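If you're wondering where the values come from, they're calculated on a predicted model, not measured in any experiment.
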Amino acid sequence: MGDQRPGHIGYCDTHQKRLYSSRKQAKQQIRKFHANTGMREYRCDLVKGHWHIGHLPLAVVEGRKTARQIYGGAR
């Protein structure tokens, strides 16, 4: 069975996650399929210029820290 969520451009073999060609495209997928689920877009550190979607850390979801505090402000 094929992927039921088109919109990505491929997969990152190392991270085992879908690759998106832009931050905007990743955010659109979050809004479409993961609204209000604590997901965020983040850069793939292996494929330059591409993005993944992943869960926010629990500390951020609970409001104890900001994503900037955890990830050092790198976006």
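Put simply, the side chain of K27 never gets that close to the backbone of E41: no donor and acceptor are under 3.5 Å apart. Listed for the Q29 side chain is no donor-acceptor partner under 3.5 Å among the backbone atoms of A26.
Residues satisfying the salt bridge (Lys or Arg N to Asp or Glu O under 4.0 Å) test with R31, not counting sequence neighbours, are none. With sequence neighbours excluded, the residues satisfying ring-ring contact (aromatic ring centres under 6.0 Å, His included) with H52 are H15, Y42. With sequence neighbours left out, Q16 forms a side chain to side chain donor-acceptor pair (under 3.5 Å) with no residue at all. Among residues two or more places apart in sequence or in another chain, the ring-ring contact (aromatic ring centres under 6.0 Å, His included) test is passed with H55 by none. With sequence neighbours excluded, the residues satisfying side chain to side chain donor-acceptor pair (under 3.5 Å) with S21 are Q25.
L19 places a side-chain heavy atom less than 4.5 Å from the side chain of V47. Under the 4.5 Å side-chain criterion, counting only non-hydrogen atoms from C-beta, Y20 is in contact with I53. I9 places a side-chain heavy atom less than 4.5 Å from the side chain of H50.
Applying the salt bridge (Lys or Arg N to Asp or Glu O under 4.0 Å) rule to pairs touching residues 44-54 yields nothing, sequence neighbours excluded.
Closest of all the heavy-atom pairs between T66 and V60 is C-CG2, 3.8 Å.
Between the OG1 atom of T37 and the CD1 atom of I30 there is a distance of 8.0 Å, given to the nearest 0.5 Å.
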